[in-house]
There are 2 protein chains.
Amino acid sequence: MGKLVTEMLKGTLEGIVLAILSGRSAYGYEITAWLRDQGFSDIAEGTIYALLVRVEQRGLVDVEKVPSEKGPPRKVYSLNAQGREYLEEFWTTWSFLAGRLEQLREGGK
Amino acid sequence: MGKLVTEMLKGTLEGIVLAILSGRSAYGYEITAWLRDQGFSDIAEGTIYALLVRVEQRGLVDVEKVPSEKGPPRKVYSLNAQGREYLEEFWTTWSFLAGRLEQLREGGK
DNA sequence: TACCAGTACCTAGCAACACGAAGTAGCTGA
DNA sequence: TCAGCTACTTCGTGTTGCTAGGTACTGGTA
């Protein structure tokens, strides 16, 4: 979409990915494809992989290497307890921000 | 509030400030105080000033120097036509993002 | 066999942005 | 005089997403 989305994704993309993982386990390539399908048309592959490495290092997800019939083995990520806790925090923060924004939008009309 | 908000503000703070300016003209110190009042308790002053310089350079706001009785002259910013256009784009992008997030939140339960 | 497309992951360098910390400057009241 | 509020500025840092490469495995096709 453009620069605006890119900047807005900073700080939210992590939550988005964790939210996806809260529903089901998934691997990088899959997540990227899904996001592109959902309208984040120009999400960069590298971005997702780097993000996954980050959340893994922070201990928010568990990883399992699963062989694929169509290429190299997949690194399947799943949200663990710590990750769920973090995701809760994320939603709280998001709600706060979204609330302020909504208020501003109303007031601005 | 913490690191989460800080990261989320990247990309949205600009829109927030422009939205404020769409309602009324304001100067940096005033905007900072207002934001802190609204719950953005630890917004850094420097952040707002830098942001205002940025949007001015992009031609989204007009500036007027107004003397103050209580200190140095104020730089009063007001949203111009280009700024309003940009703000519209911001709201569009925000809506898109908020929509996706809301959907993820529903699905994740 | 050689090559390409699709799958799947990784990395290095860059730009944008918010923050922390410090500084400048003007005014008022104790 | 000096502390405290008002008001703006600047520099260095950390985090983050993007660009642009690269590696590696598979299957189909010329």
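We name chains A, B, ... by the order of the sequence lines, and we start the count at 1 in each one.
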Reading DNA chain D 5' to 3', which nucleotide is the first, and which the last, to come under 4.0 Å of any heavy atom in chain B? D:dT6 to D:dT16
Strand-adjacent residues in residues 47-67 of chain A, judged by heavy atoms under 4.0 Å from DNA chain C: A:Y49
Drop me the distance from B:W94's CH2 to B:L101's CG, to the nearest 0.5 angstrom. 7.5 Å
Within the structure shown, what part of the strands sits under 4.0 Å from A:G46 by heavy-atom distance: base, sugar-phosphate, or nothing? base
Do any side-chain atoms of residues 80-87 of chain B form donor-acceptor pairs under 3.5 angstrom with protein atoms, and if so which ones, sequence neighbours left out?
from, atom 1, to, atom 2, distance (Å)
B:N80, OD1, B:Q82, N, 3.1
B:N80, OD1, B:G83, N, 2.8
B:N80, ND2, B:G59, O, 3.0
B:N80, ND2, B:D62, OD1, 3.3
B:Y86, OH, B:E14, OE2, 2.7

Starting at CZ of B:R36 and ending at C1' of C:dC19, how long is that distance when rounded to a whole Å? 12 Å
So A:E69, base contact, sugar-phosphate only, or nothing? Heavy-atom distance under 4.0 Å. sugar-phosphate
Find the distance between OG (B:S68) and NZ (B:K75) and round it off to the nearest 0.5 Å. 15.0 Å
What integer distance in Å separates A:E7:CD from C:dA15:C1'? 8 Å
For a quick check, tell me whether the side chain of A:K10 and the base of C:dA16 share a donor-acceptor pair closer than 3.5 Å. yes
Rounding to an integer number of Å, can you tell me how far A:Y77 OH sits from C:dC10 C1'? 10 Å
Could you check whether A:E14 gets within reach of a base, just the sugar-phosphate, or nothing at all, counting any heavy atom under 4.0 Å? sugar-phosphate
Taking B:I43's backbone N and O only, do any of them form a donor-acceptor pair with B:T47's side chain (distance below 3.5 Å, no angle check)? no
Short heteroatom pairs, N/O only, protein and nucleotides 4-7 of chain C, under 3.5 Å:
from, atom 1, to, atom 2, distance (Å)
C:dT7, OP2, A:Y29, OH, 3.0

How close or far is atom C1' of C:dG26 from atom NZ of B:K75, stated in whole angstroms? 17 Å
Does the side-chain contact (heavy atoms from CB on, under 4.5 Å) test come out yes or no for A:Y49 and A:I31, once each step is laid out? CA-CA 10 Å; A:Y49 288 115; A:I31 294 173; over 6 Å; no
Would you list the pairs meeting side chain to side chain donor-acceptor pair (under 3.5 Å) in which at least one residue belongs to residues 24-38 of chain A, sequence neighbours left out? A:Y27-A:R74
Flag for B:Q103-B:R100: side-chain donor and acceptor within less than 3.5 Å: yes
Residues in ring pair (Phe, Tyr, Trp, His ring centres under 6.0 Å) with B:F90, at least two apart? none
Nearest-Å distance for atom pair NZ/P, residues B:K3 and C:dC19: 12 Å
Heavy-atom closest pair (B:L60 atom, B:L79 atom, distance to 0.1 Å) is O-CD1, 3.6 Å
Does A:T93 form a side-chain contact (heavy atoms from CB on, under 4.5 Å) with A:L97? I'd like the steps, not just the answer. CA-CA 6 Å; A:T93 305; A:L97 190 61; 5.7 Å; no
